[in-house]
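All remarks here apply to the structure that follows.
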Amino acid sequence: NDGAPEYSGPVRAPALRCGDMGAADIALRTDLKLDSALERLSGRVTGGAKAARGGGATIALPRLDLRFAGTWQALEGRAEVGLAGLRHRAARMEGSRIEGDWRWSAAQGGKESAFAADAAFDLRRVRAFDASGLTAIARNASATPVGPLAERLARGIAGLQQDNRLAGK
């Protein structure tokens, strides 16, 4: 180590809330490294929560494996999100997973921040599906980091029938 800061350890919280979104019983493991000039960072965050809510959805046992590297102005990495179950008026599913590569850049010189993702998904035991509701979720999430994933997901399962499994990229 060249004297650059590092952090490795647990991050726990009984609950977090921001607007209508929140999570309960959060347990994460973080590994963060900065260079000695504090310009570049890299790391990994793994773990999950007992439950999460937001956008009208309730998620059981969300799990995260997030890897990242870059600068404070531009990061990229790979993410895997798993869940034991999801309940929303538009859809219900169990044992599902989304994974893929992502890139983010900060707002600069009058340009807005940008987020892009290329993801694959494996949705299992999907039922009570309403494509219009999922399309609305994707539209509402369009300005958020999960917007591109939500849009791709909405397109990918528009024709899904009850109790099917859908995998896509």
Side-chain angles (χ1 to χ4, degrees), residues 1-88 91 93-108 111-124 137-138 140-154 156 167-169:
N1 184 335
D2 62 353
E6 293 183 22
Y7 173 79
S8 182
V11 174
R12 297 185 186 277
L16 287 177
R17 186 174 184 105
C18 180
D20 75 338
M21 297 184 292
D25 200 13
I26 301 154
L28 300 172
R29 168 84 185 163
T30 61
D31 293 302
L32 173 66
K33 296 178 183 177
L34 297 162
D35 68 1
S36 57
L38 304 180
E39 294 173 353
R40 298 196 58 79
L41 65 150
S42 64
R44 185 174 186 182
V45 178
T46 58
K50 184 175 182 180
R53 292 188 72 135
T58 301
I59 301 170
L61 299 173
R63 295 288 173 248
L64 172 70
D65 185 351
L66 175 70
R67 296 170 190 183
F68 57 91
T71 67
W72 298 103
Q73 291 77 36
L75 284 172
E76 60 183 29
R78 182 151 185 86
E80 181 175 331
V81 178
L83 54 102
L86 177 137
R87 267 185 60 174
H88 187 276
M93 60 188 80
E94 300 171 15
S96 299
R97 182 174 59 89
I98 299 172
E99 67 177 295
D101 298 319
W102 59 271
R103 291 169 306 287
W104 169 84
S105 60
Q108 292 182 23
K111 290 184 179 179
E112 294 183 12
S113 64
F115 182 84
D118 181 19
F121 51 89
D122 183 5
L123 308 178
R124 297 174 185 253
I137 292 170
N140 291 337
S142 65
T144 70
V146 297
L149 295 175
E151 179 185 345
R152 181 171 274 173
L153 181 62
K169 185 168 184 162

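Just so you know, residue 1 is the first one in the sequence shown, and it goes up from there.
Nearest heavy atom pair, residue Ala4 against residue Ser36, reads CB-N, 3.5 Å. Looking at every heavy atom in both residues, His88 comes nearest to Gly55 through NE2-O, 3.3 Å. Closest approach of Ala49 to Ala24, counting heavy atoms only: CB-O, 3.4 Å.
A donor-acceptor contact closer than 3.5 angstrom is absent between the side chains of Arg63 and Thr46.
Ion pairing of Asp101 with Arg103 is absent here, as no side-chain N (NZ or NE/NH1/NH2) approaches a carboxylate O to less than 4.0 Å.
In this structure, the separation between CD on Glu76 and OG on Ser105 is 11.0 Å, given to the nearest 0.5 Å. The distance from atom CZ of Arg67 to atom CG of Asp31, rounded to the nearest 0.5 Å, is 11.0 Å. Note that CG of Leu61 is 9.0 Å distant from CG of Leu83, once rounded to the nearest 0.5 Å. Of the inter-residue distances, the one linking Leu64 atom CG with Ile26 atom CD1 reads 11.5 Å to the nearest 0.5 angstrom. Distance CG/Leu16 to CE/Met21: 11.5 Å, rounded to 0.5 Å.
No side-chain heavy atom of Leu34 sits less than 4.5 Å from a side-chain heavy atom of Tyr7.
A donor-acceptor contact shorter than 3.5 Å links the side chain of Thr30 to the backbone of Gly9. In this structure a side-chain-to-backbone donor-acceptor pair under 3.5 Å is present from Trp72 to Leu38.
For the salt bridge (charged side-chain N to carboxylate O under 4.0 Å, His left out) condition, the pairs that include at least one residue of residues 32-51, sequence neighbours left out, are Arg44-Asp65.
Dense packing is recorded around CZ of Arg78, with more than 12 heavy atoms of other residues, nucleotides or ligands lying under 6.0 Å away. Heavy-atom neighbours of Arg29 CZ from other residues, nucleotides or ligands within 6.0 Å: above the threshold of 12.
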- Query: Going through the distances and angles, do Leu41 and Leu32 end up as a side chain to side chain contact (heavy atoms under 4.5 Å, CB included)?
  - Reply: CA-CA 7 Å; Leu41 65 150; Leu32 173 66; 4.1 Å; yes
